[in-house]
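Below is one structure; the comments refer to it alone.
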Amino acid sequence: MKGINQIWEKDGYTLRPIRPEDGDAYWEQGFGVDAEVDRLTGSRSDFTREEVMAHFQRCLTAEDRADFLIIGPDGRILGESVINEIDREARCANFRIALFRSDSCGKGIGSWAARLTRDYAFETLGLHRLELDVFSFNPRAVRAYEKAGFRREGVRREAVPDGAGYGDDILMAILEDEWRELKKAERPPQDRGPKPVVGRAGGKTLAQAALLADELFPGHAPGELLAEWEALSPSECAVFLATQDGAPVGFAQCQLRRDYVEGTETSPVGYLEAIYVRTGFRRRGAATALLSACEDWARARGCVEFASDCELGNTDSAAFHLAAGFAEANRIVCFTKRLRGGRYNGDRDL
């Protein structure tokens with residue numbers, strides 16, 4: 001695509017649009033250099049120079065795509081980040097990103113480029129939807145996309161040959177409204193006075209935290225939540241209170257879960273049961289400080305994983321979790337039914 005002027009830089013790395021003079025380096029530094037990258041991205045290893053250069057020339061002028069290169073501090077091309085298949089009427093497009101060498105992975109370069117390209121899609125191109133697919137045997141890429149706000153929409157089971165077996169093709173996307181909520185959560189907190197102070201709640205401060213919990217979970221009898229917390233073992237559960245100028249403004253509850261937690265591999269797992277900051281005191285760092293206190297508590301008890309959940313329709317909570325470094329593990333719908341012949345409240349048959 002012509003007319004792209006944006007250039008981004010961070011710690012010596014650059015993300016910029018492709019240029020006519022990049023052709024030779026694109027071929028030499030981007031193709032046939034890492035068999036594992038080819039496997040994880042589904043790229044062929046037998047492209048000819050003529051095929052690559054013809055593709056590159058099309059990318060320079062095509063109006064249905066925007067191609068960016070990731071440049072290292074030494075000037076070498078490390079990868080590419082691409083918005084393609086742009087449908088301007090439907091305001092949607094496909095997204096893909098690749099680092100050409102395995103030794104470039106795990107440094108945050110790809111995540112940085114993915115977020116910037118995502119923002120370009122919505123801010124500059126005005127898209128409503130950005131979608132992608134990623135292979136199940138590339139979990140690092142899945143996590144990076146999830147952190148960038150992409151959500152799983154479906155799976156093409158065993159659709160990708162991988163050696164002697166098959167992998168799944170995971171379909172993901174992010175919508176315009178989801179991106180806006182995510183950007184709100186990514187913005188630095190505004191300077192609105194002193195930073196909140198966070199400490200573990202107990203006694204009087206536990207009661208103050210319980211009053212905040214009543215705001216988050218209305219409908220409980222007075223003192224009900226406080227009684228539940230007081231009955232929990234302090235070695236298995238912790239409540240933290242955030243105050244500002246001595247006034248309680250937020251709380252978080254965390255505990256150890258020893259049963260299976262979706263998306264985790266160890267036990268016990270630290271789990272964020274609830275987090276809440278009063279309206280008017282948000283975007284000052286209170287939620288981040290509360291989450292950090294919960295993570296430190298879980299880490300001190302030997303946990304190496306930390307998890308949480310939110311309801312499907314709670315986009316604000318989902319954006320907070322993604323901005324805080326969580327990766328979406330799964331989406332479920334829960335069901336219940338009453339059993340015939342059972343007892344209901346101990347007083348009648350159903």
Side-chain angles (χ1 to χ4, degrees), residues 1-35 37-102 104-105 109-134 138 141 144-145 148 150 172-174 176 179:
M1 182 184 293
K2 298 179 180 179
I4 303 177
N5 300 314
Q6 281 87 340
I7 297 177
W8 301 272
E9 297 181 346
K10 178 184 179 183
D11 300 330
Y13 295 93
T14 302
L15 179 69
R16 63 164 175 78
I18 59 172
R19 300 168 180 168
E21 61 268 24
D22 292 323
D24 288 334
Y26 181 69
W27 156 249
E28 294 169 0
Q29 300 168 21
F31 291 85
V33 296
D34 194 314
V37 169
D38 291 342
R39 168 181 169 263
L40 295 178
T41 59
S43 179
R44 285 167 41 197
S45 59
D46 60 349
F47 283 114
T48 66
R49 186 181 191 281
E50 290 71 24
E51 288 175 318
V52 171
M53 295 304 289
H55 165 74
F56 182 81
Q57 291 301 318
R58 288 193 298 271
C59 292
L60 287 170
T61 57
E63 289 301 315
D64 65 344
R65 59 187 298 134
D67 293 75
F68 299 91
L69 295 179
I70 305 168
I71 311 296
D74 61 357
R76 292 178 61 85
I77 298 175
L78 301 183
E80 62 183 347
S81 189
V82 178
I83 303 168
N84 59 1
E85 302 176 16
I86 299 173
D87 185 332
R88 297 190 183 278
E89 183 176 351
R91 296 174 58 214
C92 66
N94 182 70
F95 172 62
R96 65 179 182 82
I97 186 171
L99 295 176
F100 296 149
R101 293 173 177 79
S102 298
S104 297
C105 299
I109 305 168
S111 295
W112 169 70
R115 290 193 300 271
L116 291 173
T117 311
R118 172 207 67 188
D119 292 349
Y120 180 85
F122 292 107
E123 289 177 341
T124 304
L125 298 181
L127 296 185
H128 172 69
R129 172 185 171 89
L130 189 63
E131 62 190 31
L132 59 88
D133 68 303
V134 59
N138 191 358
Y145 290 137
F150 289 84
M172 307 180 72
I174 180 172
E176 183 180 10
W179 168 76

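Since the structure is predicted, the reported quantities are computational estimates derived from the model, not experimental observations.
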Minimum-distance pair of heavy atoms, taken over all atoms of Pro17 and Asp22: O-OD2, 4.4 Å
Atom pair CZ (Phe68) and OG1 (Thr117), whose distance is rounded to the nearest 0.5 Å: 6.0 Å
Those residues that, when tested against Ser102, pass side-chain hydrogen bond (donor to acceptor under 3.5 Å, both in side chains) (two or more places apart): Asp34
Asp24 and Met53, any side-chain heavy atoms less than 4.5 Å apart: yes
Under-4.0 Å salt bridge between Arg58 and Asp64: no
Summary of side-chain hydrogen bond (donor to acceptor under 3.5 Å, both in side chains) pairs that have at least one residue in residues 67-76, sequence neighbours excluded: Arg65-Asp67
Spacing of Leu69 atom CG and Phe100 atom CZ [to the nearest 0.5 Å]: 7.0 Å
Side-chain heavy-atom pair Leu127, Trp179 within 4.5 angstrom cut-off: no
Contact check, side chains of Leu60 and Pro20, non-hydrogen atoms, under 4.5 Å: yes
Non-neighbouring partners of Glu80 that pass side-chain hydrogen bond (donor to acceptor under 3.5 Å, both in side chains), sequence neighbours left out: Tyr26, Arg96
Lys10 vs Trp8 side-chain heavy atoms within contact, under 4.5 Å: no
Spacing of CD1 belonging to Ile70 relative to CH2 belonging to Trp112, to within rounding of 0.5 Å: 7.5 Å
Least distance between heavy atoms, Glu51 atom then Thr48 atom: OE1-N, 2.9 Å
Interatomic distance, Asn84 atom CG to Leu132 atom CG [nearest 0.5 angstrom]: 10.5 Å
Contact check, side chains of Ser81 and Phe95, non-hydrogen atoms, under 4.5 Å: yes
Nearest heavy-atom neighbours spanning Ala66 and Ile86: N-CD1, 4.3 Å
Closest approach of Ile174 to Ala148 (non-hydrogen atoms, all atoms of both residues): CD1-O, 3.9 Å
Contact check, side chains of Arg101 and Gln29, non-hydrogen atoms, under 4.5 Å: yes
Distance-minimising heavy-atom pair for Leu78 and Tyr13: CD1-CE2, 3.6 Å
Reported CG-to-CZ distance for the pair Asp38 and Phe47, which is rounded to 0.5 angstrom: 9.0 Å
Separation of Thr14 OG1 from Ile71 CD1 (nearest 0.5 Å): 7.0 Å
Taking every non-hydrogen atom, the tightest pair across Ala113 and Leu15: O-CD2, 4.0 Å
